[in-house]
Q: 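Dropping a structure here in structure tokens format, bear with me for questions.
Predicted model only: the values in this text are computed from it and were never measured. In this chain, numbering begins with 1 at the start of the sequence shown.
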Amino acid sequence: MRHFFCILIAFCISVASVAQISGGGKPLKFEAEQLQSASKSFPALKSGPDFYQTLNVDTVNHNSSADTKLLYAGNVCQTDFTPYNSGTLFTKDGLRVWRLGIVSKGATAIGIVFTEFNIPSDANLFIYNPSQSIVKGSFTSANNNKHNMLAIAPLPCDSLIIEYSEPDTQGGAFKGNLKIGEASHNFIYPTLKVGPWDSDKCIPHAMIAEPENPVIDAVCSIYTTGNSQSWYGTGTLINNPDHKPYIISAGHCIKGFELSKTSVFYFQYHVPALDTLVQGSRELSICGATTVAYAEDLDLALMELNQMPPKDYRPYLAGWDATEPQYAPLKCIQHPNGDMAKISYANVNPVKSKTSFETSKFPYKTFWFISRWSKGCTQEGSSGSALLNADNRIIGTLTGGSSACYNPKDDYYSQLSEQYSFHAESTKRLKPWLDPHNQGITFMDGYNPYSTDQPCHRESNIDTEDDLTAVHIDGGANGYMAGHNSLGYAEYAEKFTFDYDATIYGVYVMTYKGKYNASHPVKVNVYGDGDTPSEILGSEELKPIEHKYKYSGEILNTIVTKWNKRETYVRLSKPIEVKRGCFIGVGIDYYSGLDSLGLYQTANRAWGADNTAYFRGAKGWQPFTSYPVSSMPAAIWIEPVVSYNGGTPVEAVNGDNQNINLTIYPNPASGYVNLYSKSDTDFNATYTITDLCGKEAQKGYVEFYNGHGTILLNNISTGSYILTINADKDQGHSVTHLQVR
């Protein structure tokens with residue numbers, strides 16, 4: 001079993017609010033026939049203006065700048081929709097309900113902003129498309145925040161429905177305060193982009209080029225709505241002594257102090273590490289931040305998210321360096337054209353420079369000039385992305401330039417060393433936020449904010465030598481081996497074995513082909529451990545995020561919702577605890593007219609290789625090696641996000657030497673720390689313990705007997721440290737954070 005990145009030990013983080021994050025549950029049923037004949041179905045329920053509101057937008061255009069690297073996504077309408085001036089009010093099942101439909105002809109996606117949002121503890125808010133194949137919510141009082149605002153990430157559709165409900169009380173007035181003050185008609189939605197918006201041809205995928213680089217987990221795509229337009233940029237979580245969820249980006253990405261309040265931040269938006277043809281998931285988003293530092297002349301924006309991203313988002317706070325000079329090699333992890341995370345490389349030293357554009361706005365030599373990229377470039381949507389030095393620390397943020405696939409040169413990054421202390425005001429510089437206790441810190445390494453709280457990992461049974469596809473069965477049958485087929489098998493499951501008892505937070509499912517049908521949903525089931533799946537511990541629906549629409553009068557109807565070559569993250573309503581193993585199944589339904597669902601699986605494992613794939617037929621659960629036709633040992637491409645309830649595993653940084661596979665305990669430590677390697681062999685290693693500024697606190701040798709070793713902590717002060725272990729006999733190299741108390 002392969003882990004995707006090393007685990008870091010840090011402080012526990014408490015979460016007070018959940019911002020954009022949905023609380024689960026389901027809206028009331030919305031019938032398709034009601035949608036197709038709304039004028040006949042809704043009059044009995046109506047109390048006020050029409051159920052649907054049509055957005056009035058100007059002619060769409062890309063309006064992008066050749067110098068800055070924002071990706072303009074759409075046009076924004078100022079609205080004034082409340083339960084008392086629009087939509088439909090009705091009662092059902094003891095609830096008083098407000099429903100409002102929004103239609104925007106020709107939109108690829110619609111985003112909305114509640115400019116007033118404060119609701120009571122017994123209220124629920126859902127946003128969904130008419131087929132309810134996309135459902136955002138429920139949003140509850142846990143989403144209330146100090147700004148009294150809530151932005152909803154754009155839904156890829158041209159009509160959506162807002163549904164708000166409270167327990168029905170006498171008088172009919174809602175306790176909650178809701179107002180939709182902005183709605184955006186978007187002509188770009190990243191997962192639907194094709195042709196010239198595709199950056200695959202010249203910029204490597206970050207997860208393919210550097211799957212073990214933790215900064216990938218710090219990078220986010222930022223969606224922002226202004227007064228008249230919406231756009232995408234890039235940001236990066238940045239470390240600080242108090243481990244607050246700060247995002248650093250370019251000032252022109254948020255254009256002041258206000259827009260971050262309703263910006264949406266997408267994390268873990270990248271291709272799966274094994275296949276660039278699979279579209280990455282955009283389910284992991286957070287809305288809202290407070291801008292704590294902004295300087296237009298340095299193109300600086302530092303924002304504090306309304307909350308730390310949850311554990312299953314697997315966040316990482318990137319390191320930074322405010323010293324000069326800086327040297328090659330350099331890299332930049334970004335979301336060019338709003339695409340999945342990409343990475344560019346430069347082998348030239350950065351040069352202090354003025355920009356070649358907007359020189360009156362940026363009058364100082366406060367920028368790093370990158371004369372040429374050796375691989376990759378930057379594009380629209382890359383604005384705000386971090387320039388990383390050889391130590392993987394942030395040294396600047398992208399303002400713009402002229403680089404492109406055909407001419408990968410001449411980009412400008414605002415220098416972090418200048419952003420750090422150029423201005424005197426705390427709201428215009430980084431130092432008060434990155435060195436809040438005035439300790440003289442000028443650089444820090446990266447940090448995992450959940451390391452002391454059993455951080456999450458994305459687990460996989462797939463190996464790099466596996467070929468992945470949807471396998472067609474033969475022998476007189478037809479269809480997919482893991483999907484709909486003429487044999488009528490109703491469910492497929494993958495067996496997982498863990499080193500410790502574990503908690504499952506969500507599941508990634510890779511679909512090669514399929515269509516969504518709300519009346520016949522696909523289920524993701526989590527089973528306990530055993531020889532075959534037995535007790536269901538939890539179940540959720542699998543829903544895609546790609547949708548296409550057509551018109552039917554004034555109301556828009558779904559024609560097809562596809563799952564083709566896509567990963568979907570299914571976040572469990574409640575984390576599920578399992579022992580040292582479990583099965584995760586995908587249950588399907590059969591009905592006339594369904595285009596077959598096919599899951600990715602391995603297709604090239606020889607007999608005698610491991611089998612972790614199972615199917616459920618008339619005889620119950622059986623392994624793929626017992627398939628009546630096309631039998632083979634296999635693994636289904638399903639990947640759970642889990643945390644371990646035992647020690648804290650430490651993965652090798654070197655992907656070719658992962659067998660050291662360490663666990664350290666206790667952590668936090670006092671006086672000593674134990675090390676355990678699953679290799680169960682005898683070997684020696686050197687170790688170094690440094691503080692977060694790189695100052696050495698202790699080093700020495702540690703001997704492993706039967707996989708066990710111990711390091712005595714000699715006079716090390718309370719605090720956070722980095723423990724680096726270099727083993728002999730090709731056992732590997734591991735890096736982790738160590739907390740000393």
Side-chain angles (χ1 to χ4, degrees), residues 17-24 27 55 71-74 76 102 104 107-115 117 125-129 132-140 142-143 145 147 149-163 180-193 219-226 229-235 247 253-254 259-270 279-289 303 305-307 309-310 312-313 335 338-340 381 506 543-547 566-571:
S17 64
V18 294
Q20 161 76 25
I21 299 166
S22 302
L55 298 185
L71 174 65
Y72 283 90
V76 174
I102 292 178
S104 192
T108 301
I110 299 176
I112 60 174
V113 175
F114 287 89
T115 53
F117 181 87
L125 171 70
F126 292 94
I127 317 294
Y128 52 85
N129 65 331
Q132 293 189 336
S133 58
I134 320 173
V135 177
K136 299 284 187 180
S138 66
F139 301 104
T140 66
N143 299 93
N145 58 75
H147 302 306
M149 303 172 77
L150 181 70
I152 306 298
L155 277 69
C157 55
D158 47 13
S159 63
L160 57 79
I161 296 166
I162 296 95
E163 180 183 299
I180 301 173
E182 294 179 352
S184 56
H185 169 112
N186 289 349
F187 43 80
I188 288 177
Y189 187 78
T191 65
L192 303 182
K193 292 188 288 79
V219 175
C220 61
S221 175
I222 305 175
Y223 172 78
T224 302
T225 55
Q229 291 179 309
S230 60
W231 57 83
Y232 286 97
T234 300
I247 296 254
C253 283
I254 61 164
L259 297 186
S260 65
K261 295 177 181 178
T262 53
S263 293
V264 180
F265 305 84
Y266 297 91
F267 292 90
Q268 298 292 346
Y269 179 43
H270 49 64
Q279 174 68 49
S281 166
R282 285 176 64 84
E283 281 89 355
L284 301 182
S285 63
I286 287 178
C287 167
M303 300 163 277
L305 293 175
N306 287 349
Q307 69 161 109
D312 61 317
Y313 282 41
H335 288 285
D339 210 337
M340 295 169 286
K543 294 184 176 182
I545 56 173
E546 178 178 332
H547 309 273
R566 179 169 301 279
E567 77 169 9
T568 300
Y569 182 62
V570 181
R571 196 165 196 248

Q: Ring-plane angle category for Tyr269 and His335, please: parallel below 30°, perpendicular beyond 60°, tilted otherwise.
A: parallel
Q: Starting from the C-alpha separation in whole Å, work towards a yes-or-no answer on side chain to side chain contact (heavy atoms under 4.5 Å, CB included) for His270 and Val219.
A: CA-CA 10 Å; His270 49 64; Val219 175; over 6 Å; no
Q: Which heavy atom of Gly338 sits nearest a heavy atom of Leu71, and at what distance?
A: N-CD2, 3.5 Å
Q: What's the spacing between Ser138 OG and Phe126 CZ if we round to 0.5 Å?
A: 4.5 Å
Q: Identify the heavy atoms of Ala289 and Leu305 that sit nearest to each other, and give their distance.
A: CB-CA, 3.8 Å
Q: Closest approach of Val76 and Ser230, non-hydrogen atoms and distance?
A: CG2-N, 3.8 Å
Q: For the atom pair CG (Asn186) and OG (Ser104), what is the distance rounded to the nearest 0.5 Å?
A: 9.0 Å
Q: Is a donor on one side and an acceptor on the other found under 3.5 Å between the side chain of Thr224 and the backbone of Ile254?
A: no
Q: Only counting residues at least two apart or in another chain, list the ones meeting ring pair (Phe, Tyr, Trp, His ring centres under 6.0 Å) with Phe265.
A: none
Q: Please round to the nearest 0.5 Å and tell me the distance separating atom OH of Tyr223 and atom CH2 of Trp231.
A: 9.5 Å
Q: Could you walk me through whether Ile162 and Ile127 pass the side chain to side chain contact (heavy atoms under 4.5 Å, CB included) check?
A: CA-CA 5 Å; Ile162 296 95; Ile127 317 294; 3.7 Å; yes
Q: Would you check, one step at a time, whether the test side chain to side chain contact (heavy atoms under 4.5 Å, CB included) holds for Phe114 with Cys287?
A: CA-CA 11 Å; Phe114 287 89; Cys287 167; over 6 Å; no
Q: How many angstroms lie between atom CG of Leu125 and atom NZ of Lys136, to the nearest 0.5 angstrom?
A: 12.5 Å
Q: Looking at Leu150, Ile152, Ile112, Thr115, which hits side chain to side chain contact (heavy atoms under 4.5 Å, CB included) with Ile180?
A: Ile112
Q: Which atom names give the shortest non-hydrogen contact between Phe187 and Tyr72, and what distance separates them?
A: CE1-O, 3.5 Å
Q: Find out whether Tyr313 and Tyr569 are in side-chain contact, i.e. whether some heavy atom of one side chain is under 4.5 Å from a heavy atom of the other.
A: no
Q: Between Ile286 and Pro309, what is the shortest heavy-atom contact and its length?
A: CD1-CA, 3.4 Å
Q: If you compare all heavy atoms of Glu182 against all heavy atoms of Gly226, which two are closest, and at what distance to 0.1 Å?
A: OE2-O, 4.2 Å
Q: Just verifying a value: how many Å separate Ile247 CD1 and Cys253 SG, rounded to the nearest 0.5 Å?
A: 11.0 Å
Q: Quick one: does any side-chain atom of Thr108 pair with a main-chain N or O of Pro156 as donor and acceptor, under 3.5 Å?
A: no
Q: Could you tell me the separation between the CG atom of Leu160 and the OH atom of Tyr128, rounded to the nearest 0.5 Å?
A: 10.5 Å
